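Each chain gets a letter, A, B and so on, in the order its sequence line appears, and its residues count up from 1. Just so you know, these numbers use all the heavy atoms, side chains as well, and skip hydrogens, waters and symmetry mates. Computed from a predicted model, the values in this text were never measured in an experiment.
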Number of protein chains: 2
Amino acid sequence: MAQLVSRNGKRGRGSVAHVPSAPMRVAMVEFFVSLADLAGLPKSVGEIYGLLFFSEKPLAMDEIIAQLHLSKGSASQGLRFLRSSQAVRTVCQPGDRRDFYEPELALRRLAAGWLKEKIGPRLAEGERKLGQLEALIRKESPGLRRMHQHRIGRLRSWQKAGQRIIPFALGLLKG
Amino acid sequence: MAQLVSRNGKRGRGSVAHVPSAPMRVAMVEFFVSLADLAGLPKSVGEIYGLLFFSEKPLAMDEIIAQLHLSKGSASQGLRFLRSSQAVRTVCQPGDRRDFYEPELALRRLAAGWLKEKIGPRLAEGERKLGQLEALIRKESPGLRRMHQHRIGRLRSWQKAGQRIIPFALGLLKG
DNA sequence: GGAAAGGTTCATTATGTATTGAACAAAGTA
DNA sequence: TACTTTGTTCAATACATAATGAACCTTTCC
């Protein structure tokens, strides 16, 4: 427990020099929470990433838990997700058993992962379903078939548009 | 009630010539359900739009309810939403009090509405929050401030990238 | 070995959102 | 006017997903 005190600089003279002010922390966490929400990710994931993004130095899980008031389970799972998405990196610190986390600042890679994991499968699924529809159409009466072909054509052009957006978006983030 | 029979051609010789086959209906509804899910809209909205998209002729609410097995409430609210997004149009039919619905096929307009309503506000909100963060940063110690400025710079470039995607996406759908 | 810290798992609980259906309003119809 | 059809509203319910926290490994340290 003496260790607990020396391990991280949080104690002593009540100094918290390297910790952003409370309103700052709130604002930055909020920012990423709304981003997470947009991306369809759990709030806790946004909170954790937000906290790390503005933290001067890597944080350990127990520090994250303390600052965000979340449960061990949420923190563990949230970090697992962020790790698997390569949104955070694990770093070691000499003389400390804990894992410390650092945000991946090159958000491009992060976005690429998100697009690939979340959007890519959707597009593939859409493709598959369009194929299904086209197969079914062939068995229809000529009148119906004509109309359905036309409408499916519309969907096809959408599908293509969607597919072109991905590389474009990635290009934007490169600059 | 004699009216009920003559009103729509569903009765008589068990003919259902203008109604797509059941597997077709399933496939098309599924397609739009997954699209709705992607867009963060309720499943029922996707179902309704999907049904209309492949229907040869406009459908009334009670027909939609019958084919999709959903409640009056869901149908009413779903149609209200689709109307407000201009994803469907209301059409009248002589000698029938009911409102009939037709899909808006120019999906571009639909997407434009979605981007404007769902994505636009997010970007605006992000802008606001970034401003907030920048204001808070100025009160920080020089060391922290430098780092935060750098990181916020990253977010700014993201924000810009996001804003540029909208017109690009709309352009794609135009062609 | 025993104790404690660090971390994960997962059944339970909480929370937010969609759906339901009954009550209600409006507008014909007889 | 009484009755039916059409459609909306909204409180109650169902459902899906996230958060919780206790039980449980694993590793380190004495």
Side-chain angles (χ1 to χ4, degrees), chain A residues 1-8 10 29 32-51 58-84 88 90-101 118, chain B residues 1-8 29 32-50 58-84 88 90-101 118:
Chain A
M1 25 180 106
Q3 230 182 3
L4 233 186
V5 172
S6 63
R7 177 176 283 150
N8 48 58
K10 272 198 297 202
V29 164
F32 281 96
V33 164
S34 62
L35 198 60
D37 185 40
L38 177 60
L41 301 174
K43 182 181 166 188
S44 61
V45 167
E47 289 179 308
I48 296 172
Y49 188 81
L51 182 62
L59 298 177
M61 195 171 88
D62 60 331
E63 296 172 318
I64 292 169
I65 289 172
Q67 295 203 33
L68 296 175
H69 303 103
L70 31 86
S71 66
K72 257 183 146 188
S74 276
S76 176
Q77 293 191 163
L79 284 169
R80 176 225 293 266
F81 173 82
L82 289 169
R83 252 181 282 130
S84 77
V88 303
T90 306
V91 297
C92 295
Q93 269 182 21
D96 199 319
R97 274 169 57 196
R98 297 174 299 172
D99 292 329
F100 286 78
Y101 295 95
K118 290 263 180 179
Chain B
M1 20 176 107
Q3 229 181 7
L4 233 185
V5 172
S6 63
R7 177 177 283 150
N8 47 58
V29 164
F32 280 97
V33 165
S34 62
L35 198 61
D37 184 42
L38 177 61
L41 301 175
K43 182 182 166 189
S44 59
V45 167
E47 290 179 308
I48 296 171
Y49 188 80
L59 299 177
M61 195 171 90
D62 60 331
E63 296 171 320
I64 292 169
I65 288 173
Q67 296 204 31
L68 297 175
H69 304 103
L70 32 85
S71 67
K72 258 181 145 191
S74 276
S76 176
Q77 292 190 163
L79 284 169
R80 176 225 294 266
F81 173 82
L82 289 169
R83 251 181 281 130
S84 77
V88 302
T90 305
V91 298
C92 295
Q93 270 184 20
D96 198 322
R97 274 169 56 197
R98 296 174 300 172
D99 292 330
F100 286 78
Y101 295 94
K118 289 263 179 179

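Distances shown here put a side-chain N or O of A:R83 below 4.0 Å from the OP1 or OP2 atom of C:dT8.
Counting heavy atoms from C-beta outward, B:L79 and B:I64 have side chains that approach closer than 4.5 Å. Side-chain contact between B:E63 and B:R98: present, with at least one pair of heavy atoms (C-beta onward) separated by less than 4.5 Å. When side chains are defined from C-beta on, B:Y101 counts as touching B:R83, because their heavy atoms get closer than 4.5 Å. When side chains are defined from C-beta on, A:V29 counts as touching A:V33, because their heavy atoms get closer than 4.5 Å.
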Could you check A:K118 against A:L41 for side chain to side chain contact (heavy atoms under 4.5 Å, CB included), going step by step and ending with a plain yes or no? CA-CA 10 Å; A:K118 290 263 180 179; A:L41 301 174; 4.1 Å; yes
Could you run down nucleotides 16-23 of chain C 5' to 3' and tag each one B, S or - for protein heavy-atom contact under 4.0 Å? --SBBB--
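B:Q93 places its CD atom 13 Å from the P atom of D:dT6, with the value rounded to the nearest Å. A straight line from CG of A:D96 to P of C:dA5 spans 13 Å, rounded to a whole angstrom. Rounding to whole angstrom units, CG of residue A:L79 and P of D:dA19 are separated by 13 Å. In this structure, the CG atom of B:D99 is 8 Å from the C1' atom of D:dT6, given to the nearest Å. When the P atom of D:dT4 is taken as reference, atom CZ of B:R98 falls 18 Å away, rounded to whole Å. At whole-Å resolution of the value, CG in B:D62 and P in D:dT5 are 11 Å apart. Regarding A:D37, its CG atom lies at a distance of 15 Å from the P atom of D:dT17, rounded to whole Å.
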Look for any protein N or O under 3.5 Å of an N or O in nucleotides 1-3 of chain D and output each such pair with its distance, or none.
none

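Taking NZ of B:K72 as the start and CG of B:D62 as the end, the distance is 9.5 Å to the nearest 0.5 Å.
Judged as a side-chain hydrogen bond (donor to acceptor under 3.5 Å, both in side chains), not a single pair has a partner in residues 39-50 of chain A (not counting sequence neighbours).
Residue-to-nucleotide contacts include no donor-acceptor pair under 3.5 Å from the side chain of B:R97 to the base of D:dT6.
Residues B:A36 and B:G46 approach most closely at CB-CA, 3.8 Å, considering heavy atoms.
A side-chain contact (heavy atoms from CB on, under 4.5 Å) with A:P58 holds for exactly one of A:V91, A:D99, A:V88; it is A:V91.
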